[in-house]
Amino acid sequence: MDDVTIRGAGIFGLSIAWECVRRGAKVTVMDPQGVAAGSSGGIVGALAPHVPENWNSKKAFQFDSLMMAELFWKQVEQIGGKSAGYARLGRVQPVVDSAALELAYARGQNAKTLWQGLASWSVTDTPPSWAPPSPTGFWIVDSLTARINPNAACHALAAALQAKGVQIARQ
């Protein structure tokens, strides 16, 4: 008999199943449409941080989650043998005017403290060659933003779960 039965083989259901398995539960996942058949079947997702100002528990939780994501997906990929399409690549944003530039510098100072040296937010006048045009000649570069392939992530989770003995049923 299972300890947990999860309905839904999208990113949320499979992530919950994975965490239950990690904690020792016997799990079955059920989805009549199969893995990643709904909204989680997309090919691109962005995991971007809130700006580092007006810090609150929601922003702290998101920061902690983004910091844990790399190890989470690495473990899933190692156990299941499939890529989740996850990478923390950062983000480049053009600065549109002088007010935005002033704010960007202030946010960079806040990020130094709030992001605990684990990620950065900076302003540069020398962007990568692929950066979008900037009317001010300045860009914001953060190293916290990540991308993921939701469909691949679901299939990576499913493979890891199956490697741990979880049945994913189409019911």
Side-chain angles (χ1 to χ4, degrees), residues 3-31 35-93 100 103-124 128 139-164 166 168:
D3 298 317
V4 179
T5 299
I6 295 179
R7 284 207 162 285
I11 195 72
F12 287 111
L14 294 170
S15 294
I16 292 166
W18 178 248
E19 191 56 33
C20 289
V21 166
R22 287 189 49 218
R23 294 173 186 229
K26 186 169 169 34
V27 177
T28 294
V29 176
M30 298 178 1
D31 191 318
V35 173
S39 297
S40 297
I43 58 169
V44 68
L47 307 169
H50 286 288
V51 294
E53 64 186 33
N54 301 319
W55 204 248
N56 58 38
S57 59
K58 179 181 172 183
K59 289 183 178 188
F61 176 78
Q62 185 201 40
F63 174 80
D64 291 342
S65 297
L66 286 167
M67 295 313 301
M68 291 187 289
E70 194 161 3
L71 180 58
F72 177 90
W73 291 112
K74 184 176 185 178
Q75 183 182 43
V76 166
E77 290 173 344
Q78 286 175 339
I79 291 171
K82 289 188 173 186
S83 171
Y86 173 84
R88 205 171 102 197
L89 302 171
R91 169 176 59 175
V92 176
Q93 305 171 72
L103 186 58
Y105 279 119
R107 287 175 173 166
Q109 289 303 311
N110 288 339
K112 285 181 184 175
T113 302
L114 297 171
W115 292 358
Q116 306 160 34
L118 300 171
S120 63
W121 172 293
S122 61
V123 178
T124 184
W139 292 261
I140 300 162
V141 179
D142 85 65
S143 68
L144 186 52
T145 300
R147 63 108 167 108
I148 193 161
N149 179 318
N151 188 288
C154 286
H155 287 281
L157 277 164
L161 286 163
Q162 289 168 331
K164 292 288 192 175
V166 172
I168 302 175

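- Rounding to the nearest 0.5 Å places NZ of Lys26 at 9.5 Å from OG1 of Thr5.
- Remark: Ile43 CD1 is loosely packed, at most 12 non-hydrogen atoms of other residues, nucleotides or ligands lying under 6.0 Å away.
- With hydrogens and angles ignored, the 3.5 Å screen pairs no side-chain donor or acceptor of Ser40 with any backbone N or O of Pro150.
- Scanning both residues, Ala119 and Leu144, for their nearest heavy atoms gives CB-CB, 3.8 Å.
- Here the CG-CG distance, from Leu66 to Leu118, works out to 11.5 Å after rounding to the nearest 0.5 Å.
- Across Ala153 and Ile148, no two heavy atoms sit closer than the pair CB-CD1, 3.8 Å.
- Note: Ile79 CD1 to Lys164 NZ = 4.5 Å, rounded to the nearest 0.5 Å.
- Screening residues 54-72 for side chain to side chain donor-acceptor pair (under 3.5 Å), with sequence neighbours left out, gives no hits.
- In this structure, Val166 and Val21 have side chains that are in contact, with non-hydrogen atoms separated by less than 4.5 Å.
- Contacts of Ser15 classified as side-chain hydrogen bond (donor to acceptor under 3.5 Å, both in side chains), with partners at least two apart in sequence or in another chain: none.
- Looking only at side-chain heavy atoms (C-beta outward), Phe63 and Leu114 stay at 4.5 Å or farther from each other.
- Of all non-hydrogen atoms in Ala17 and Val29, the two that sit nearest each other are CB-CG2, 3.6 Å.
- Residues satisfying the side-chain hydrogen bond (donor to acceptor under 3.5 Å, both in side chains) criterion with Ser122, sequence neighbours excluded, are absent altogether.
- Counting all heavy atoms, side chain and backbone alike, Gly85 lies closest to Ala152 at N-CB, 4.4 Å.
- Nearest approach of Val4 to Ala25, heavy atoms of both residues: CG2-CB, 4.2 Å.
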Subject >> Test side-chain contact (heavy atoms from CB on, under 4.5 Å) applied to Phe12 and Ile6, step by step >> reply: CA-CA 10 Å; Phe12 287 111; Ile6 295 179; over 6 Å; no
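- Among residues at least two apart or in separate chains, side chain to side chain donor-acceptor pair (under 3.5 Å) pairs with a member in residues 76-93 are Arg91-Asp142, Arg91-Thr145.
- When all heavy atoms are compared, the tightest approach of Ala9 to Leu14 is O-CD1, 3.3 Å.
- Side chains of Arg22 and Gln75 form a contact here, defined as non-hydrogen atoms less than 4.5 Å apart.
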Original post:
Which is it for Asn110 and Val51 under the side-chain contact (heavy atoms from CB on, under 4.5 Å) test, yes or no, and what are the steps along the way?
Top reply: CA-CA 9 Å; Asn110 288 339; Val51 294; over 6 Å; no
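- Legend: residues meeting side-chain hydrogen bond (donor to acceptor under 3.5 Å, both in side chains) with Glu53, ordered by chain and number and at least two apart, are Arg107.
- Expressed to the nearest 0.5 Å, how far CD1 of Ile16 lies from CD1 of Ile11 amounts to 10.5 Å.
- Residues satisfying the salt bridge (Lys or Arg N to Asp or Glu O under 4.0 Å) test with Lys74, not counting sequence neighbours, are none.
- Using the six-membered ring where Trp is involved, Trp121 and Trp115 have ring planes that are perpendicular, over 60° apart on the 30 and 60° scheme.
- A distance of 9.5 Å separates CD1 of Ile168 from OG1 of Thr28, quoted to the nearest 0.5 Å.
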